[in-house]
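Note that the structure is predicted; figures quoted are calculated from it, not measured.
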Amino acid sequence: MQEIALRNSRKKNALFLLVCAGFVAMGVFLLAAGDPSDAWIGWLSVAFFGTGAVIFVRQLLDARPRLVVNDAGVEDRTLGGGLIPWGEIEEAYLLSIHSNPFICLELRDPARFLARLSPFKRRLARINRRLGFTECSLNLSGVAVDPQQLLELILHRIELEKRRAS
């Protein structure tokens with residue numbers, strides 16, 4: 001199998017960075033020229049969107065693949081759980097929330113995967129489960145890939161692994 005390495009969309013991150021910069025500028029303007037009683041809005045805007053700007057700058061500068069699918073398995077760096085071997089994946093399906101596609105991976109032993117996550121990401125994974133996703137859901141927003149084609153490739157690899165194991 002040829003390795004598939006998907007990176008963050010530079011265009012989307014540049015657009016989000018521009019939006020954040022605009023809101024930071026508006027926050028600075030409110031602090032400089034606004035009513036002193038509304039200064040909290042300016043500070044909130046600078047803090048929140050300034051943090052977003054830092055995140056999007058990091059995303060723009062990070063050239064590493066975000067999602068890698070190869071003979072060994074699947075690795076999504078945003079999850080932070082490392083490589084998930086094909087033998088650990090039982091099923092996969094596509095879900096979408098507000099036009100953001102996710103490939104949900106049903107794992108043989110989700111607890112083993114959760115143990116590799118930070119406490120914060122473990123909590124997020126449990127929330128994902130309550131929302132109808134799996135603990136291991138690949139977020140495809142911001143990467144240039146056809147979600148259905150990637151799902152078909154993953155399902156094909158799961159089937160090959162099941163045949164090999166039996």
Side-chain angles (χ1 to χ4, degrees), residues 1-28 44-89 91-107 109-110 112-129 131 133-158 160-161:
M1 166 185 193
Q2 183 179 354
E3 180 173 275
I4 297 171
L6 302 170
R7 289 170 174 69
N8 286 318
S9 168
R10 293 203 179 276
K11 287 180 184 178
K12 274 190 176 179
N13 283 320
L15 176 65
F16 291 148
L17 175 59
L18 257 160
V19 169
C20 284
F23 277 102
V24 167
M26 286 191 314
V28 169
L44 186 64
S45 179
V46 169
F48 181 78
F49 291 103
T51 302
V54 170
I55 291 169
F56 293 121
V57 165
R58 283 185 59 203
Q59 294 291 333
L60 277 168
L61 298 175
D62 189 357
R64 297 175 298 170
R66 185 173 112 188
L67 178 65
V68 176
V69 180
N70 59 24
D71 286 332
V74 177
E75 182 174 5
D76 184 345
R77 282 189 319 103
T78 61
L79 294 174
L83 179 74
I84 302 163
W86 292 114
E88 291 295 314
I89 305 170
E91 189 58 62
Y93 54 91
L94 190 61
L95 280 181
S96 181
I97 186 165
H98 301 294
S99 300
N100 293 308
F102 293 82
I103 293 181
C104 298
L105 303 177
E106 288 286 352
L107 304 179
D109 186 4
R112 199 159 79 193
F113 173 74
L114 289 171
R116 298 187 317 213
L117 302 179
S118 70
F120 176 72
K121 288 193 176 181
R122 233 175 292 163
R123 269 183 265 132
L124 288 178
R126 289 189 179 105
I127 291 169
N128 279 347
R129 179 52 95 176
L131 293 173
F133 292 85
T134 60
E135 292 86 355
C136 182
S137 298
L138 310 175
N139 182 352
L140 302 180
S141 63
V143 293
V145 66
D146 179 339
Q148 192 60 47
Q149 284 182 336
L150 184 59
L151 175 64
E152 288 171 14
L153 173 73
I154 290 172
L155 290 172
H156 176 72
R157 286 306 308 229
I158 293 169
L160 286 177
E161 183 62 29

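Interatomic distance, CG of Asn13 versus SG of Cys20, reported as 10.0 Å (0.5 Å rounding). For the atom pair CZ of Arg7 and CG of Leu67, the computed distance is 11.0 Å after rounding to the nearest 0.5 Å.
Within the 4.5 Å cutoff, the side chain of Leu107 has heavy atoms near those of the Ile89 side chain. For the pair Val69 and Leu150, the minimum side-chain heavy-atom distance is below 4.5 Å. Here the side chains of Phe133 and Ile97 are in contact, with some heavy-atom distance below 4.5 Å.
When all heavy atoms of Ala47 and Thr51 are compared, the pair lying nearest together is O-OG1, 2.7 Å.
The backbone N or O of Glu135 lies less than 3.5 Å from no partner atom in the side chain of Arg129, so there is not a single donor-acceptor pair. Judged purely by atom type and a 3.5 angstrom limit, Trp86 uses its side chain to pair as donor or acceptor with the backbone of Asn70. Looking only at distances, a side-chain donor or acceptor of Arg66 sits under 3.5 Å from a matching main-chain atom of Asn139. In this structure a side-chain-to-backbone donor-acceptor pair under 3.5 Å is missing from Lys121 to Arg116.
Between Arg157 and Glu88, none of the side-chain N atoms (NZ, or NE/NH1/NH2) sits under 4.0 Å from a carboxylate O, so this pair counts as no salt bridge.
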Fill in: Leu95 and Thr134: CA distance, side-chain angles, deciding distance, side chain to side chain contact (heavy atoms under 4.5 Å, CB included) verdict
CA-CA 10 Å; Leu95 280 181; Thr134 60; over 6 Å; no
